[in-house]
Amino acid sequence: MVWMAKNNHKEILICIVGSFLLWVYFNLYKENIKIIERTKVFRAGHGNIAKVQERPNVENKTDIPNIYIVTATYSRLAQKADLTRLSYTLRLVPNIHWIVVEDADNKTELVRNFLFNSKLQFIHLNKRTPNVKNRWEIRGISQRNEAVRWIRQFAQTPGVVYFADDDNTYDIRIFEEMRYTKNVSVWPVGLVAGLRYEAPKVSNKKVVGWHTSFPRKFSTDMAGFAVNLQLLKNITSVEFRASAPPGHHETDFIQQLGVELSDLEPLAANCTKVLVWHTRTQKPNVNNESKVHQDKNYTSDPIEV
Ligand code: UGA
Ligand code: MN
C-alpha cells in the first residue's frame with residue numbers, strides 16, 4: 001500500500017515535469033516560427049537587397065508606430081566607432097528600422113558586415129554625393145534623399161521619419177516621444193550653432209519662435225525634428241535641396257511640408273529638455289602609422305578598425 005502511494009507520487013511527478021518540458025518546448029518552437037516569419041527580405045527600388053533582421057533583445061510590437069531612422073555615412077577612420085555607438089542606442093528602441101545610406105558608389109564590406117552583426121532591422125543603401133565644388137556643404141543630402149525614396153516605396157505606416165547623423169548622441173527617450181508625431185515634431189538640440197543648445201521657443205504648448213544664433217524660418221538642426229511617415233508619403237515632391245544655402249537644408253525641407261510654426265509639435269517637455277546632442281567626433285590622429293610600418297615584419301594591416 002505504502003509502495004503504491006510512493007509510486008503514484010513518482011508517476012505524478014514525472015507527469016508534471018514531462019508536461020512542463022513539453023510546454024517549454026512548444027513555446028520555444030512557437031517563438032522560433034514567429035522569428036522566421038518576421039525575417040523578411042526587402043527589395044529596394046534600384047535592386048539592392050537588404051535583409052531585415054530580427055533582434056532578439058527588443059521585441060517588435062504591433063501596436064506602436066514604426067520609427068524609420070535615416071543615417072548618411074561615409075568612409076573615415078572613426079566611421080565604425082560612430083556607427084557602433086549609434087547602433088547600441090538604437091538597440092534599446094523597439095520598432096526601429098535603420099536606413100543606412102553610404103556616401104559611396106558601392107556598398108562597402110565594412111558597413112555591410114557591421115549591419116549584419118548589429119542585430120537591428122536595417123536597410124543598406126548607397127548614393128554618392130556628386131563631385132561638385134561645394135561637396136562638403138551638401139554632405140548627407142543625396143543620401144537622405146535616397147532614403148526618402150525608399151521610405152515612400154516601402155515604409156509601413158503608422159510611422160515617423162527621423163534623420164539621425166552617425167556622430168550625434170541620442171537619449172533613447174526622444175524616440176518614444178517622436179514615435180507619435182502627427183505632422184512635424186521639434187525639440188532642442190544640444191551643442192550646436194555655437195550655443196549650448198538651439199531650441200524652439202514654446203508658449204501655451206505652441207512653438208512661437210526659436211532660441212538660436214542663426215535665425216531661419218525653422219531654426220532647427222537635422223537632429224531636432226521628425227516627420228510623420230504618411231505626410232512624407234503624401235507630398236511626393238519633398239526632398240533635401242542641394243540648392244538651399246548652407247545651414248538652410250532643414251528649414252527648406254520643413255517648409256516644403258507645408259507646415260507653419262504653430263503646426264509644430266513641441267516635444268521634450270515643451271522643449272525644456274535636451275535629449276539630443278550635436279556631438280562631433282574628433283578626427284583621429286594616426287600620424288605614427290608610418291613609423292610602425294617601417295618595421296619590415298609588419299606586413300599587411302589585417303585588423304579592421
Ligand atoms: C551639420 C548638421 O548638424 C547636419 O545635420 C547636417 O547634415 C550637416 O551639418 C550639413 O551641413 O549638412 P556636421 O556634424 O557638420 O552636421 O556634419 P557631419 O556629421 O560631418 O555630416 C552629416 C552626415 O552626413 C553624417 O551622418 C555623415 O556621416 C554624413 N556625411 C558626411 C556623408 O555622408 N558624406 C560626407 O562626405 C560627409
Ligand atoms: Mn555630425
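Just so you know, ligand 1 is whichever comes first in the structure, and atom 1 is the first atom listed for that ligand. All values below come from the heavy atoms of this structure, side chains included, with hydrogens, waters and symmetry mates left out. Start at 1 with the first residue, then count along the sequence.
Residue Trp136 approaches ligand 1 through these ligand atoms, each under 4.0 Å from one of its heavy atoms: 20 (O), 37 (C). Under a 4.0 Å criterion applied to the non-hydrogen atoms of Gln143, ligand 1 contributes the atoms 33 (O). Per-residue contacts place His278 under 4.0 angstrom from the following atoms of ligand 1 (heavy atoms of the residue considered): 1 (C), 2 (C), 3 (O), 13 (P), 14 (O), 16 (O).
The distance criterion of under 3.5 Å between nitrogen or oxygen atoms is not met by Ala223 with respect to ligand 1. Backbone and side-chain nitrogen or oxygen atoms of Arg280 are examined, and one is located within less than 3.5 angstrom of a nitrogen or oxygen of ligand 1. When only interatomic distances are considered, the shortest N/O to N/O separation between His249 and ligand 1 does not fall below 3.5 Å. On a distance-only criterion, Asp103 and ligand 1 share at least one N/O pair closer than 3.5 Å.
When heavy-atom distances to ligand 1 are checked against a 4.0 Å cut-off, Phe163 has no atom that comes that close, whether in backbone or side chain. Residue Arg144 touches ligand 1 through its side chain alone, judged by heavy-atom distances below 4.0 Å.
The neighbour count for Asp63 CG, taken as heavy atoms of other residues, nucleotides or ligands under 6.0 Å away, is above 12. Counting heavy atoms of neighbouring residues, nucleotides and ligands inside a 6.0 Å radius, atom NZ of Lys233 exceeds 12 of them.
Judged by distance alone, the side chains of Ser142 and Glu146 never bring a donor and an acceptor atom under 3.5 Å apart. For the 3.5 Å distance criterion, the side chains of Ser213 and Glu198 fail to qualify, holding no donor opposite an acceptor.
Side-chain contact between Gln156 and Tyr68 is present, with at least one heavy-atom pair separated by less than 4.5 Å.
Proximity of Arg135 to ligand 1 is established by a heavy-atom distance of less than 4.0 Å. Put simply, no part of Thr71 is less than 4.0 Å from ligand 1, judged by heavy atoms.
What sits closest to atom 32 (C) of ligand 1 on the protein, heavy atoms only, is Tyr74 CD2, 3.6 Å. Of the protein's non-hydrogen atoms, Ala72 O, 2.7 Å is the one closest to atom 26 (O) of ligand 1. What sits closest to atom 3 (O) of ligand 1 on the protein, heavy atoms only, is Asp221 OD1, 2.5 Å.
Distances from atom 37 (C) of ligand 1 to the heavy atoms of Glu250, Gln79, Arg139, Glu137 show the closest one on Arg139. When the heavy atoms of Asp167, Asn168, Asp165 are ranked by distance to atom 5 (O) of ligand 1, first place goes to Asp165. Between atom 28 (O) of ligand 1 and the options Leu83, Asp166, Val70, the minimum heavy-atom separation is to Asp166. The closest heavy-atom contact to atom 24 (O) of ligand 1, among the options Ala104, Gly140, Ala78, comes from Gly140.
Not one N or O on the side chain of Asn113 forms a donor-acceptor pair closer than 3.5 Å with the backbone of Leu110.
Across all non-hydrogen atoms, the minimal contact from Pro65 to Asn95 is O-CB, 4.0 Å. Of all heavy-atom pairs spanning Trp277 and Asn168, the tightest one is O-CB, 3.3 Å. In this structure, Val148 and Val238 approach most closely via the heavy-atom pair CG1-O, 4.3 Å. Across every non-hydrogen atom of Arg216 and Trp210, the tightest pair is O-CD1, 4.2 Å.
Tyr170 and Phe175 have tilted rings, their planes meeting at an angle from 30° to 60° on a 0 to 90° scale.
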One pair to check against side chain to side chain contact (heavy atoms under 4.5 Å, CB included): His124 and Arg112. What are the steps and the verdict?
CA-CA 7 Å; His124 185 190; Arg112 195 194 303 275; 4.0 Å; yes
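Distances from the Mn ion (ligand 2) show that Asp167 has an N/O/S atom below 2.8 Å.
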